[in-house]
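Have a look at the structure below before the remarks.
On a predicted model such as this, the values are computed, not experimentally measured, just so you know. Atoms within each ligand, like the ligands themselves, are counted from 1 in listed order.
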Amino acid sequence: MVSLFNFRRYRLPLRTVVRTAHGVLAEREGVLVRLEDENGAVGYGEAAVLPWFGTETADEVEAACATLGPRVTAAELAAVPARLKCLRFALQAATSAEASAAERRPVKATQKYLPVAALLPAGRAVLSKILPLAEAGFRTFKWKVGVGGIDDELVLLDDVCAALPSGAKLRLDANGAWQRRQAEQWLERCAERPVEFIEQPVAADARGAENLLRGLANDYPTPLALDESLAGDGDVERWLGAGWPGVFVVKPSLLGDAAGTLARLAAAKSKVVFSSALETAVGARAALRQAFQWPGEARALGFGVWPLFADAQFDGPALAPFLRAEDVERINVEAAWNALN
Ligand code: MG
């Protein structure tokens, strides 16, 4: 079967700049793809590249798409190199959407709705944000730490815990900012607090990081989560093989074979949190479909990122305490594709 193949590269300004551990992001670059099969069924996908997270670049995706040409076979799609993992995710999304459209049935969701984590700002600004978010219905909160001094932040931790509504869960994300001693101080402090997990306490590329992360995970009761340490299917496989006892923060858009890798995580009964890679609506629908098909424990989504783009046509569903499977199916991917014309 030969499909018609089309792609559109984008460079979209963000509504407000996003601060990451790797610098300030003012615009988002990536590539949307479109496949149309012989029956006229159309599927869309997105290569939401994050080169600083270990993915290919938008230039590499564009070159590979140009090489594929306007007519492609399944064999040609399958032959896209594994290192182009964002492009592979895009093509997988476009072909599976195609298949489900042809069969005239919606993608089957395991979950009807999923909670969404609210993102709290670093530093003292956190304190004024908790109450309005709690009143809006959020019960999972994610606080960026490792930004200010450790003593100040540890004092703030008690104020944050005191401000949380009862039954709330707090996620801490250090984005790899700590050394061993600081990570130990935090883990000692978190032991009796409502901390769901600490994300990436030490840098993924620090010397001996894997042994250090494993040691910390074994020595303290608060679970640890891997985020920057998981820059693709290979990293997930390696940590899975090593019996990682903590949480896997999975950005489906960065997995070349999201369905296969998630099936292996599910078979191992791993703890998984689904997270955004700052996709447009196109990649968001594909990534969220994976989250809604996850058969394991339903943890709050790390998708509280929209509105994100200066042009709202590219946004996924606006931030709310819950996301429903039907909200995901309602995402208008065709409008996002057409808006790039
Ligand atoms: Mg993180």
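Phe7 pairs in a side-chain contact (heavy atoms from CB on, under 4.5 Å) with only one of the listed residues (Val33, Leu68, Leu87), which is Val33.
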Donor-acceptor list for residues 253-262 side chains, cut-off 3.5 Å, not counting sequence neighbours:
{"from": "Ser253", "atom 1": "OG", "to": "Glu279", "atom 2": "OE2", "distance (Å)": "2.6"}
{"from": "Asp257", "atom 1": "OD1", "to": "Gln92", "atom 2": "NE2", "distance (Å)": "3.2"}
{"from": "Asp257", "atom 1": "OD1", "to": "Gly260", "atom 2": "N", "distance (Å)": "3.1"}
{"from": "Thr261", "atom 1": "OG1", "to": "Asp233", "atom 2": "OD2", "distance (Å)": "2.8"}
{"from": "Thr261", "atom 1": "OG1", "to": "Asp257", "atom 2": "O", "distance (Å)": "3.2"}

Side-chain donor-acceptor contacts of residues 334-341 below 3.5 Å, not counting sequence neighbours, with atom names and distances?
{"from": "Asn338", "atom 1": "ND2", "to": "Glu334", "atom 2": "O", "distance (Å)": "3.3"}

Enumerate donor-acceptor pairs with a distance under 3.5 Å from any side-chain N or O in residues 209-225 to protein atoms, sequence neighbours excluded.
{"from": "Glu210", "atom 1": "OE2", "to": "Arg238", "atom 2": "NE", "distance (Å)": "3.1"}
{"from": "Glu210", "atom 1": "OE2", "to": "Arg238", "atom 2": "NH2", "distance (Å)": "2.6"}
{"from": "Asn218", "atom 1": "ND2", "to": "Arg214", "atom 2": "O", "distance (Å)": "3.2"}

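Taking a 6.0 Å sphere around CD of Glu326, one finds it holds more than 12 heavy atoms contributed by other residues, nucleotides or ligands.
Classification of Arg285 and Glu46 as a salt-bridged pair fails, no side-chain N sitting under 4.0 Å from a carboxylate O.
Excluding waters, the protein N/O/S atoms found under 2.8 Å from the Mg ion (ligand 1) are Asp173 OD2, Glu199 OE2, Asp227 OD2.
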